[in-house]
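Written below as structure tokens is the structure these notes are about.
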2 protein chains.
Amino acid sequence: MALDKIDRKILALLQRDATMPVAEIGRKVGLSTTPCWRRIQKMEEEGVIRRRVAVLDPVKINVGVTVFVSVKTAEHNESWLRKFAATIEDFSEVVEFYRMSGDIDYLMRVVVPDIAAYDAFYKRLIAKIALSDVSSSFAMEQIKYTTALPLDFALVNDDDK
Amino acid sequence: MALDKIDRKILALLQRDATMPVAEIGRKVGLSTTPCWRRIQKMEEEGVIRRRVAVLDPVKINVGVTVFVSVKTAEHNESWLRKFAATIEDFSEVVEFYRMSGDIDYLMRVVVPDIAAYDAFYKRLIAKIALSDVSSSFAMEQIKYTTALPLDFALVNDDDK
DNA sequence: CATGAAACGATCTAGAG
DNA sequence: CTCTAGATCGTTTCATG
């Protein structure tokens with residue numbers, strides 16, 4: 001699970017473009033095809049690389065509006081959370097869902113075409129599960145969105161400079 | 001830019017797994033290789049498919065902690081926003097950044113290894129740009145995270161059932 | 001004009017040294 | 001790690017309806 005400098009370079013490239021041929025990746029990180037391919041293979045087995053996916057344009061598929069939904073609840077037991085999580089899993093509009101510390105209990109990011117669609121989503125949600133306090137904040141603009149995680153913190157085992 | 005039922009099926013598959021061979025996608029949507037390949041090609045040209053990327057495991061690359069940072073500001077002009085956006089662009093820890101409506105002006109999602117690293121990020125941020133009111137909320141658990149957007153709202157041009 | 005079969009070339013994957 | 005070779009897949013061409 002410890003990654004060296006070359007592994008991080010490979011990951012950086014694959015986070016930007018997963019279609020890049022192994023030979024080209026190898027060339028960019030100073031490796032020939034086979035060892036580069038072996039490293040990628042290993043990182044996939046270890047689960048460092050989870051999957052390769054297509055990223056779509058939200059506006060072009062008509063989900064240009066992002067809403068952040070804060071939820072407070074009276075229930076705080078494990079079984080209720082599992083039910084809540086299972087419910088949210090079925091809502092494809094919810095793309096992110098976090099259990100929070102502080103004054104709000106849960107935060108979710110919801111993507112919809114417009115306000116009306118958000119209202120419809122909201123009604124379907126509260127019909128499925130009882131939520132004591134729900135607050136919605138609309139995003140006016142998505143200034144930055146990336147699937148690429150920072151690699152600066154990844155643990156290094158060996159002593160490369 | 002209008003997508004039919006087959007296009008949406010293709011996109012659904014590619015959002016889950018971008019390594020799936022065109023022939024197999026075609027088989028699943030009831031098309032042979034060439035027309036399926038043409039559809040994918042077209043959606044890439046139109047920008048519906050933005051890119052294909054590798055999705056990494058946050059915990060395995062040591063950024064398991066998510067922090068939502070709310071920002072209020074006194075400045076509300078366009079040039080200040082551009083400077084702010086450019087600053088954020090350089091912070092790889094900030095993976096999402098939104099201009100909001102309501103009582104908070106901006107919201108960002110930040111990924112870091114731990115609280116200490118967040119503090120270091122915070123200090124670097126406020127050293128770069130003056131922010132009047134910053135509030136941080138820590139996520140205890142990421143219950144759901146997906147890069148797959150809902151396709152139910154995509155506009156349909158033709159009259160397939 | 002869209003489809004599909006087939007052929008080509010690039011890439012992946014695996015083995016041996 | 002390099003070299004090699006076979007399997008697989010992306011991409012183009014062409015015939016068909």
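Only a predicted model underlies this, so the values are computations on that prediction, with no experimental measurement involved. In what follows, every chain begins at residue 1, and chains take the letters A, B, ... in the order their sequences are listed.
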Fill in: Between B/S136 and B/Y118: side-chain donor-acceptor atoms closer than 3.5 Å
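Note: B/S136 and B/Y118 side chains meet the donor-acceptor criterion.
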Worksheet item: Looking just at side-chain N and O atoms, do B/E96 and A/Y145 make a donor-acceptor pair shorter than 3.5 Å?
Response: no
Give the rounded distance in Å between these two atoms: [atom1] of [X] and [atom2] of [N].
X	N	atom1	atom2	value
B/I6	C/dT3	CD1	C1'	12 Å
A/L14	C/dC12	CG	P	10 Å
B/Q41	D/dG10	CD	P	12 Å
B/K42	C/dA2	NZ	C1'	13 Å
A/I25	C/dC12	CD1	P	8 Å
A/I40	C/dT11	CD1	P	14 Å

Worksheet item: Could you give all pairs that pass the salt bridge (Lys or Arg N to Asp or Glu O under 4.0 Å) test and reach residues 133-151 of chain A, with sequence neighbours left out?
Response: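 Every salt bridge (Lys or Arg N to Asp or Glu O under 4.0 Å) pair that includes a residue of residues 133-151 of chain A, provided the two are not neighbours, is A/E141-B/R99.
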Fill in: Check: B/V111 and A/L149 side chains under 4.5 Å, non-hydrogen atoms
yes
Practice prompt. Go through D/dG10, C/dA14, C/dG4 for me and flag the one nearest to the B/S32 side chain.
Written response: C/dG4
Discussion item. Please pick, from C/dC12, D/dC1, D/dT11, the nucleotide with the shortest atom-to-atom distance to any side-chain atom of B/T33.
Written reply: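 Among the listed nucleotides, the one closest to the side chain of B/T33 is D/dT11.
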Practice prompt. Have a look at A/R38 and say if it touches a base, only the backbone sugar-phosphate, or nothing, with a 4.0 Å heavy-atom cut-off.
Written response: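 Since a base atom lies under 4.0 Å of A/R38, the category is base.
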Discussion item. Does the plane of the ring in A/F68 sit parallel, tilted or perpendicular to the ring in B/F68? Use 30° and 60° as the thresholds.
Written reply: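 Rings of A/F68 and B/F68: perpendicular, as their planes differ by over 60°.
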Practice prompt. Kindly assign one of parallel, tilted or perpendicular to the pair B/Y106 and B/W80, based on the angle between their ring planes and the thresholds 30° and 60°.
Written response: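 Rings of B/Y106 and B/W80: tilted, 30 to 60°.
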Item to complete: Between protein and nucleotides 3-9 of chain D, map the contacts as a letter string: B base, S sugar-phosphate only, - none, heavy atoms under 4.0 Å, written 5' to 3'.
Response: B-----S
Discussion item. When you measure from the side-chain N and O atoms of A/W37 to the phosphate of C/dC12, is any distance below 4.0 Å, counting only OP1 and OP2?
Written reply: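 So the side-chain polar atoms of A/W37 never come under 4.0 Å of the phosphate oxygens OP1 or OP2 of C/dC12.
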